[in-house]
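One structure below.
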There are 2 protein chains.
Amino acid sequence: MNNKEKLRNAGLRPTKQRMIVADILLNGFNRHFTAENLQDEINSSGNSMSIATVYNCLKKFKNCGLIKQVETSKDTAIFDTNTDYHHHFLNEETGELIDIENEEISLRKLPEIPQGYINNGIEVIIKLKRHN
Amino acid sequence: MNNKEKLRNAGLRPTKQRMIVADILLNGFNRHFTAENLQDEINSSGNSMSIATVYNCLKKFKNCGLIKQVETSKDTAIFDTNTDYHHHFLNEETGELIDIENEEISLRKLPEIPQGYINNGIEVIIKLKRHN
DNA sequence: CAAGTAGTTTAGAACGGTTTTAAAGTAAAA
DNA sequence: TTTTACTTTAAAACCGTTCTAAACTACTTG
Ligand SMILES: [Mn+2]
Ligand SMILES: [Mn+2]
Ligand SMILES: [Zn+2]
Ligand SMILES: [Zn+2]
């Protein structure tokens, strides 16, 4: 399936801008990135895009599941092209994230979900500190 | 141990402002809160404090382990008086956090920690969605 | 105790990431 | 083609947080 189809399939109009973003993000190589990272890459690919459009686009892509946002308390939002269920190592000094594939981790016991709610995804973050 | 001793013990000067904050936060009842939440509570206790001082104070308390900060991608930082090792349910709609005590959850398998790093804490977040 | 000094508080400005505004542009529907 | 809904954009606004620099206060030393 090409990127135009992926966008259509997701219910998004394949605009010029969304295609530029899709070409960068949906190429099969996974990555963690900020809005600014992405804009820089758009610029260095010879294109350009307003930061508002970058954010609009990321929000749309996220809402239709083409990308995810990683749960971290850093002030800048970090997005993830890996939409498989997975977890992260977080180097708190640098902010760098490393994927933990789902099969590398497993839970023995889960808490009871509060009344009226359902489990909508578990995120495990293993914080790392440099050894010595 | 009273609050003045707790502060001294943590290497912090027990200033008037830190005592006000300690009286609110270190009373044995755990809570999740933002800087603004805390300032409101300071105000409604008849005291007042600049927002810069609230943030300074939270940073100091956090750095010496009197409170924690929760790992969440909300734009406003959320602090936690529960300094025991524990995890959270997160209602993504409201931002509400609920503690998961350490013994309510357990990991069967952990991934290998990358070379040169050590595990500096695991955070598990179970995202909740309202059921129907 | 007094004097010195290191640390703290504060109002306000600055900052940085993100969202909003409103006008112009574009894709899809009719 | 005409109309309609959606999208993009520059610029401003927003909002949580940090910085600045001056006033203040807790602690140390004599
Ligand atoms: Mn923030
Ligand atoms: Mn964040
Ligand atoms: Zn990832
Ligand atoms: Zn908690």
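In this text the structure is predicted, and so the values were computed from the model without any measurement. Per chain, numbering begins at 1; letters A, B, ... match sequence-line order.
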With a 4.0 Å cutoff (strictly under), does any side-chain N or O of A/Q17 reach OP1 or OP2 of C/dT26?
no

Distance, rounded to the nearest Å, where B/K74 contributes NZ and D/dC15 contributes P
14 Å

Is it true that the side chains of B/N102 and B/D84 contain a donor and an acceptor less than 3.5 Å apart?
no

Using OP1 and OP2 only, check whether a side-chain N or O of A/R8 sits under 4.0 Å from C/dA28.
yes

Distance in angstrom units between B/M19 CE and C/dG7 C1', rounded:
18 Å

A/Q69 CD - C/dG17 P separation (whole Å):
14 Å

Residue-phosphate contact under 4.0 Å: B/K60 side-chain N/O, C/dT8 OP1/OP2
yes

Closest nucleotide among C/dT9, C/dA11, D/dG16 to the B/T15 side chain
C/dT9

Closest of C/dT20, C/dG17, D/dT18 to the A/A52 side chain is C/dT20

Closest to side chain of B/M49, choosing from C/dT10, D/dT7, C/dT9
C/dT10

Answer yes or no: does a side-chain N or O of B/R13 lie under 4.0 Å from OP1 or OP2 of D/dT25?
no

If you check every side-chain atom of A/P14, which of D/dT17, C/dA28, C/dA11 has the closest atom?
C/dA28

Starting the side chain at C-beta, find the nucleotide from D/dG16, D/dT7, D/dT9 nearest to A/R18.
D/dT7

Quick check on DNA chain D: between A/N56 and B/K16, whose nearest nucleotide comes earlier from the 5' end?
A/N56

Rounded interatomic separation in angstrom, taking CG from A/L12 and P from D/dC6
13 Å

Could you give the CD1-to-P distance, from B/I51 to D/dT20, as a whole number of Å?
19 Å

Could you state the atom-to-atom distance from CD of B/Q39 to C1' of D/dG16 in whole Å?
12 Å

Assess, by modelled atom type and distance only, whether the side chains of A/N82 and A/H32 contain a donor and an acceptor separated by less than 3.5 Å.
no

Ignoring hydrogens and angles, state whether a donor on the side chain of A/H87 or A/D99 is under 3.5 Å from an acceptor on the partner side chain.
no

If you count the non-hydrogen atoms of other residues, nucleotides and ligands that lie under 6.0 Å from CD in A/E5, is the total more than 12?
yes

Pair B/Q17-B/T53, side-chain donor/acceptor within less than 3.5 Å
no

